[in-house]
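Let me begin by presenting the structure, written as structure tokens, before commenting on it.
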Amino acid sequence: MLLRLWLNSCRRLAVPGVLAVLWMVAPTGCSRSARPSMACDPKAMYATIETLCSDSLAGRRAGSGNDLRAARFLASELNTVGCVPLWRKALVPFSIDGAVVRRGMERVLAGEWRDSSYNVVMTIRSRYPDAEKVLLGAHYDHLGRFKADKGGRYSAGDQLLGANDNASGTAAVVEIARRLQPYADDFRRDLVVALFGAEEMGLAGSRHLERMLRDSSVTIGHMVNLEMFGRMRGDTLCLQGEILSPVSRVVECVGNPDSLRIELSARGSAGSSDHVAFASQMIPVSFFITTDISTLHTVDDTPESLDMEGMERAVNYIMRYVYTLLTSDQLPKLQENS
């Protein structure tokens, strides 16, 4: 009986995942292959990371004005790949709500301070607008330049670019949207693409968006969050979310042709990242993060420090995972003991 139940669940989830893998390697004579390959382009991702880490954006600190410039760049990139604004405009402003003073950031971080930042919220529409949606997100902000020493770790003048944290996750989201958009006719639900501001200010952007989606009666059935994707270092990709919903079934059904080791964690909403805003409202989440975070919040977190080969493998896996969520008959439901 247990085997029969497992097979039935994979019939709902696995076929699209298998098709995704097949389409990645389909010969050019097949009608399906008129659409581009789902395989990601590491050069395109690296170009996005380099732009986000450029001197002109100065670390993308929330409330600096550089976050607005980064958000405009990302909205343009998503528009180019075929995403459309979920609401009237792609850039959604929100208040940082005093986090600067509360966290003492104005004492150590340089530059002007505005009490607002921006989420970039766009969508790839399916033929099923009333179905609950999948949200794919990552935060694009970082810390910027220090104006004062902070302990022994930071010195005045240090500029933190945040290549791994989280230009890498942002670039991955843009690339996944680019590769999945031509397959929208296969989707059984819309894909909402969200790039969050002010994660470093206490998840301000994702908390605002979660409330805004709820107030707008936009039902998110599953949230996928990508954080620090550029330093996999080996074969292990970490996934949290099992405590809320059976994401392990999605893992089983997606398969793993790249021989990655998917490390499932029992901590479904642990870790200070944007999925917490959704998990706290009992929305199932899949939180993906790579294994090496040794450059976190250091001056060494530069584009040159990234492992783009590992990132390519990780993003190709997440692409199939998200495609499976989008095309399955049902999304993973909340665990009964959640």
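Model, not experiment: these values are computed from the prediction.
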Should [X] and [Y] be counted in the same cluster of Ile, Leu, Val, Met, Phe, Trp and Tyr side chains packed under 4.5 Å apart?
{"X": "F278", "Y": "L334", "answer": "yes"}
{"X": "F94", "Y": "L74", "answer": "no"}
{"X": "V254", "Y": "I262", "answer": "yes"}

Let me confirm one number: the [atom1]-[atom2] distance from [X] to [Y], rounded to the nearest 0.5 Å.
{"X": "R189", "Y": "K133", "atom1": "CZ", "atom2": "NZ", "answer": "10.5 Å"}
{"X": "Y321", "Y": "T324", "atom1": "OH", "atom2": "OG1", "answer": "9.0 Å"}
{"X": "F196", "Y": "S117", "atom1": "CZ", "atom2": "OG", "answer": "12.5 Å"}

If a pair satisfies side-chain hydrogen bond (donor to acceptor under 3.5 Å, both in side chains) and one of its residues is in residues 156-180, list it, with sequence neighbours excluded.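 Qualifying pairs: H139-D165, R145-Q159, N164-S168, D165-H297, E175-R178, E175-R179.
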query: Under the side-chain hydrogen bond (donor to acceptor under 3.5 Å, both in side chains) rule, what pairs show up with a residue in residues 202-212, not counting sequence neighbours?
result: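 Qualifying pairs, neighbours excluded: S206-D274, E210-R214.
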Notebook entry, point to check: Once the angle between the rings of F288 and Y317 is folded into 0 to 90°, is it parallel (under 30°), tilted (30 to 60°) or perpendicular (over 60°)?
Noted result: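 Ring orientation, 0 to 90° scale: perpendicular.
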Co-members of L161 in a cluster of I, L, V, M, F, W and Y side chains, linked at under 4.5 Å: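 So far as hydrophobic clustering goes, L161 is joined with none.
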Is the Lys NZ or Arg CZ of R188 less than 6.0 Å from the centre of Y128's six-membered ring, within 45° of the axis?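 Yes, a cation-pi geometry.
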Does a donor on one side chain and an acceptor on the other come within less than 3.5 Å for [X] and [Y]?
{"X": "N66", "Y": "R69", "answer": "yes"}
{"X": "N225", "Y": "S273", "answer": "yes"}
{"X": "S126", "Y": "D190", "answer": "yes"}
{"X": "S248", "Y": "E242", "answer": "yes"}
{"X": "D67", "Y": "Y140", "answer": "no"}

Counting heavy atoms not belonging to D185, are there more than 12 under 6.0 Å from its CG?
->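 Yes.
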_Would you say CZ of R72 has more than 12 non-hydrogen atoms from neighbouring residues, nucleotides or ligands within 6.0 angstrom?_
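Atom CZ in R72 is not packed in, count stays at 12 or less.
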task = May I have the step-by-step check of salt bridge (charged side-chain N to carboxylate O under 4.0 Å, His left out) for R35 and D186, ending in yes or no?
result = CA-CA 12 Å; R35 297 181 288 186; D186 302 339; 3.2 Å; yes
Exercise. Answer yes or no: is there an ion pair linking K333 with E132, defined by an N-O contact shorter than 4.0 Å?
Key: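 Counted as a salt bridge, because a side-chain N and a carboxylate O are separated by less than 4.0 Å.
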